[in-house]
Structure formats: structure tokens, C-alpha cells
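Okay, structure first, notes after.
In what follows, chains carry the letters A, B, and so on, assigned in the order in which the sequence lines appear, proteins first and then strands, with residues in each chain numbered from 1.
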There are 2 protein chains.
Amino acid sequence: MVHDALHITELLRAEGIQPSAQRVAVARYVLFTDDHPTADQVWSEVRRDFPVISRATVYNTLNLFAEKGLLQSHSFDDGAGVFDANTEPHHHFIDEETGRIVDIPIDRLRVSGIHELEGLDVDDVRVVLRGRLKDGPR
Amino acid sequence: MVHDALHITELLRAEGIQPSAQRVAVARYVLFTDDHPTADQVWSEVRRDFPVISRATVYNTLNLFAEKGLLQSHSFDDGAGVFDANTEPHHHFIDEETGRIVDIPIDRLRVSGIHELEGLDVDDVRVVLRGRLKDGPR
DNA sequence: ATCGGTGCAAATTATTTGCATGAAT
DNA sequence: ATTCATGCAAATAATTTGCACCGAT
């Protein structure tokens, strides 16, 4: 996984995003984690390396990235809204004890019965699983 | 569908909820609609009949009902959190144009592939469908 | 008089907006 | 000099907390 500023700069430019120092700092964390952080978690995390950045800028940057398709934002029945660097369509598993969210590739699950539903024109299917993560070998 | 105050009073008492005037007013609307209103929509709607009630009371009442199992609360990727009088486990369809949310009975869909996922102990499965509601005979 | 429960004002948290500043032409 | 983009202070929206009030004992 490459985290160098040059790489990130190019990545942002490729989306037409001006790579300001703040945006690079946010990108460096949020585009390369498989956590599913809330906006506030991003703010905390980013300030470790880049101490002077406001919450508003973090929110605006996350929204900008989401608009440009670098991030998805999700919101589940329990917690606050989270951001997800995985921009492919995918499903989610939520550990009910820890709150940890894990991505499930879209083709690992199949949903049947959709065609039998009347009056609905379905173009997107997402599954949310809940349960416990068995702590296996990491 | 019965909306009389007597009925509602009993319903609330059965859950150990003191049926104050405010709570009955909220219950009268939210427990008998198949809309999926936000807290603010509930507030607006309730004030038609019961003009003096604060937002805080509506929030607290909705949370109380949800704790007692009279309501579920949901939150989807787009909009704000909504409340749902359907307390059975179920799936959802969201009309991408209107935002309208429709419940899908749990047994109308089947999700396969869950057993093949390793390291996950799954005890709940929810599906969110998106698309368009074909306007059939209403 | 005291206690427990209620509703709401105020506080807190979450998010968006609008404007002062600085860079580019 | 003008324009345009940026980051943040302040505004707004969303939600929770804590306390004054009231009814029952």
C-alpha cells in the first residue's frame, strides 16, 4: 500500500481535486484504511499528523471525495454515518459486539426472490449481515 | 385500523408506558402509519392534532417506543433516520426518485452464500433494494 | 412533605453555509 | 485588478440531558 504524498497528489488530481495539504492529509488516512470511520474519527486520526485542521474541512473534504467517487458513505441502523474507501458495490457485515464493519464482496452473496416482487423495478441490492466475528488467525 | 384513544391507552400500558396525552398523540400517528417518517415528520404530523408538544418530547417518545419494541428505527445510506411501525424483521425497498420506503416481508427474499463466508457468525440478514416503484393501481 | 415520572428548555453533537483569505492569471 | 478555490468561524440541524413541575402517597 502506497502512502506517499506524490501518489496521493496524483490520485486527487486525477479526480479534478486540488491537492491541498489538508486534503492530502485526509486522503492519506481515509482512502487507505479498511476501517469504516465516522467523520469525527477521521478528524481525530488526521490531526495526529496534521494538527491544525478544522472539523468543517474534514466534513467538506469527505463529502467532496464521496461526490468524486473516491469514497462511499454509509449509514446503518445503529451508529453514525461512516465512510468507506471501498467504492465498489458491496455488502457489509457488522459485528454486534464491537461495532466493527467488514466489507463483503458483492458476488459472495446472492439474493433470490426479487423478480417475484410485484410493482418494483429493482436496480440495486445490498445486504447487511450482523453477528459475531470469530477471531481467527489475523 | 383502530385509532381510538382507549385502544392506544391500553396498547401503551401493555408495554408499561404511562399513556400521557403527548405519548398517545405520537402513538396515534406513528404506530398506525406505513410511512417511514423521520422524527421531524412525526413532530409536524402530531402537532396538527396536538399543537403544543416539543421536539424533545417527540424524540424521547420515539426512543421510548423503540426501546419497548413498538417501533423500529432505521437509517439508510441517503436520508435521515426513520421510524417504522413494522416491528417484525423485514427488508426494505427504497424508491430512488421519491425516497419512499416500502417494507418487504422477510420470507419474500432469500440470501444464499452466507455459510460460505469464513470467520463470520451471522445471526441477522437484512436486504435493502433500490429502484423505482412502478405506479400500479392505487 | 416526599418521591417518581413527565415534558421541555437548554446543552450537546453533527453537519452545512458563507465569507475572508490567498493563489493564479 | 479580478476571479476562483479553499479552509474555517459561525450558523443551522439533529439529538440528548437535566431539571422544574405536577400528581400520587
Checklist outcome for this item: Looking only at D/dA9, D/dG7, D/dT16, the nucleotide nearest the A/Ser20 side chain is D/dG7

Item to check | From D/dT15, C/dT6, D/dG18, nucleotide with atom closest to B/Tyr59 side chain | outcome: D/dT15

Rounded to the nearest Å, what distance is computed from the [atom1] atom of residue [X] to the [atom2] atom of nucleotide [N]?
X	N	atom1	atom2	value
A/Leu62	D/dC8	CG	C1'	15 Å
B/Arg55	D/dT17	CZ	P	18 Å
B/Leu64	D/dT17	CG	P	14 Å
A/Gln22	D/dC8	CD	C1'	10 Å
B/Glu67	D/dT16	CD	P	11 Å
B/Asn60	C/dT12	CG	C1'	14 Å
A/Leu12	D/dT6	CG	C1'	14 Å
B/Asp40	D/dA13	CG	P	10 Å

Item to check | Pair A/Asp103-A/His91, side-chain donor/acceptor within less than 3.5 Å | outcome: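 Distance-only check fails for A/Asp103 and A/His91.
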
Item to check | C/dG7 OP1/OP2 closer than 4.0 Å to side-chain N/O of B/Ser54 | outcome: no

Checklist entry - Is the phosphate of D/dA5, meaning OP1 or OP2, less than 4.0 Å from a side-chain N or O of A/Gln18? => result no

Checklist entry - So how far is it from A/Ile17 CD1 to A/Ile8 CD1, rounded to the nearest 0.5 Å? => result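 It comes to 12.0 Å.
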
Looking across every strand, which nucleic acid part, if any, lies under 4.0 Å from [X] by heavy atom: base, sugar-phosphate, or nothing?
X	value
A/Asn63	sugar-phosphate
B/Val58	nothing
B/Val52	sugar-phosphate

Checklist entry - Would you say B/Leu62 and B/Ser73 make side-chain contact, with heavy atoms under 4.5 Å? => result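 Result no, sub-4.5 Å side-chain heavy-atom pair not found.
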
Next on the checklist: Ring-plane angle category for A/His36 and A/His92, please: parallel below 30°, perpendicular beyond 60°, tilted otherwise.
Outcome noted: perpendicular

Next on the checklist: salt bridge (Lys or Arg N to Asp or Glu O under 4.0 Å) for A/Glu97 and A/Arg132? Distances and angles first, verdict last.
Outcome noted: CA-CA 7 Å; A/Glu97 281 175 2; A/Arg132 284 185 222 180; 3.4 Å; yes

